[in-house]
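Below you'll find the structure, written out as structure tokens, and then a few comments.
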Amino acid sequence: MYDLTGRVALVTGAGQGVGAGIARALAAQGAAVAVNDLVAARADATVLALVATGAVAVAAPFDVTDRDAVRAGVAAAEAALGGPVDILVNNAGVPVGMAMSPFRTFDPADWSRYVDLNLYGSAHCMQAVLDGMCGRGWGRIVQISSGAGHTGTRLGISLYGASKGGVEGLVRHVAQEVARDGVTVNTLALGLMSPQPDGPGGPDGPGGPDGPDGPDEVDPALTSLARQVPVGRLGRPDDVGAAVVYLVSDEAAWMTGQTIDLNGGATT
Ligand SMILES: NC(=O)c1ccc[n+]([C@@H]2O[C@H](COP(=O)([O-])OP(=O)(O)OC[C@H]3O[C@@H](n4cnc5c(N)ncnc54)[C@H](O)[C@@H]3O)[C@@H](O)[C@H]2O)c1
């Protein structure tokens, strides 16, 4: 089950954190993986680690908010891997240098960064691969979102949450449009993730208001947050990777258009 041999996958923002975990999981199931990141050195590092395990992987450094760069980057990755993208995971979703602020003082000059990345960036990547997927009659798209996309908080991440909510809506519509073409489109809405040793994490991760810095074994605030999660710990990239593997498998052909909360039971 869940054999991805012969599939080509593109994971955005996979130079660290959750995206790197997703890339690892897909590669472990046999997929060839294009590792995207805005920061080329991060993409290279993930590729090196994958190749060391015997996987087939190439770096695909581009900015998902730049439509032309996305199209060129996808074409280059497909040429390097010798086949079209069958699986897209839109994981890039944390703008570089993201800051938290209550909405009343949230600088309007910053609003577009969230929408550009989470809504338009994801849309660019989907449009770049969907024609091919529909033409071949098979494709899998997984959107990584956050509980903040459909649950209000007082964390000062309103525009981030709104951009996640926006892309969750986009996924529902696209899923319906391509359902008869053998293409599924689903969203995984993540809860609190553990800090990753190889990266700063996200707004609701390490360094963020609901994911303080430091490993959960030693940071009291993080330990406290982890205890509030029903299963008693924060999420790990491999938790997300496992869920993605299911969603992109042949076996998940009847699952589409869904927003699935993956959060240790934090909301049920
Ligand atoms: N960390 C958490 O607690 C948490 C919780 C809920 C949801 N999420 C979601 O999970 C996903 C991954 O989060 P993470 O914590 O691993 O993030 P991260 O910041 O650790 O890594 C994301 C990567 O995306 C890259 N990136 C940023 N902008 C990009 C762009 N324009 N084009 C290409 N790459 C770009 C960054 O360089 C970085 O390497 C995001 O969509 C985030 O919103 C994270």
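Read the numbers this way: they start at 1 and go in the same order the structure lists the ligands and their atoms.
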- request: Please work out whether any backbone atom (N, CA, C, O) or any side-chain heavy atom from C-beta onward of Thr12 is under 4.0 Å from ligand 1, and answer side chain, backbone, both or neither.
  value: neither
- request: Any atoms of ligand 1 less than 4.0 Å from a non-hydrogen atom of Phe62? List them with their elements.
  value: 32 (N), 33 (C)
- prompt: So, does Ser145 sit close enough to ligand 1 that a heavy atom of it is under 4.0 Å from the ligand?
  reply: yes
task: Could you tell me whether Phe103 and Trp111 have their ring centroids closer than 6.0 angstrom?
output: yes
statement: In ligand 1, the atoms that come under 4.0 Å of a heavy atom of Gly17 are 16 (O)
message: Check Asp110 with Arg113, please: is the shortest side-chain N to carboxylate O separation under 4.0 Å?
response: yes
- prompt: By number and element, which atoms of ligand 1 are closer than 4.0 Å to a non-hydrogen atom of Gly191?
  reply: 5 (C), 6 (C)
message: Check this for me, if you would: do Asp239 and Arg233 make a salt bridge, where the nitrogen-to-carboxylate-oxygen distance has to be below 4.0 angstrom?
response: yes
query: Has Glu251 got more than 12 heavy atoms of other residues, nucleotides or ligands less than 6.0 Å from its CD?
result: yes
- request: Enumerate the atoms of ligand 1 whose separation from the nearest heavy atom of Val18 is less than 4.0 angstrom.
  value: 12 (C), 16 (O)
- prompt: In ligand 1, which numbered atoms sit nearer than 4.0 Å to a non-hydrogen atom of Asn36?
  reply: 33 (C), 34 (N)
query: Is it true that the side chains of Asn90 and Gln143 contain a donor and an acceptor less than 3.5 Å apart?
result: yes
statement: Which of Met133, Arg140, Arg7 passes side chain to side chain contact (heavy atoms under 4.5 Å, CB included) with Asp86? It is Arg7
Ligand 1 versus Leu117: contacting region, heavy-atom distance under 4.0 Å: side chain
query: Side chain, backbone, both or neither: which part of Tyr160 has a heavy atom under 4.0 Å from ligand 1?
result: side chain
Atoms in ligand 1 with a heavy atom of Asp63 nearer than 4.0 Å: 30 (C), 31 (N), 32 (N)
field: Any N/O pair Val96/ligand 1 closer than 3.5 Å
entry: no
statement: Any heavy atom of Arg42 under 4.0 Å from ligand 1? The part involved is side chain
- request: Quick one: look at Pro237 and ligand 1, take heavy-atom pairs under 4.0 Å, and tell me if it's side chain, backbone, both or neither.
  value: neither
field: With Tyr120 via side chain to side chain contact (heavy atoms under 4.5 Å, CB included) - residues at least two apart
entry: Val115, Asp116, His124
message: Closer than 3.5 angstrom, by distance alone: can the side chain of Asn118 be matched with the main-chain N or O of Gly93 as a donor-acceptor pair?
response: yes
message: If we ignore hydrogens and angles and just use 3.5 Å, is the side chain of Arg227 paired with the main-chain N or O of Thr223 as donor and acceptor?
response: no
- prompt: Are any of the N/O atoms in Pro95 less than 3.5 Å from those in ligand 1?
  reply: no
- line: Within 4.0 Å of some non-hydrogen atom of Val39, the atoms of ligand 1 are 37 (O)
message: Please check if the number of heavy atoms outside Asp131 that lie under 6.0 Å from its CG is greater than 12.
response: no
- prompt: Is Gly235 near ligand 1, meaning one of its heavy atoms is under 4.0 Å from it?
  reply: no
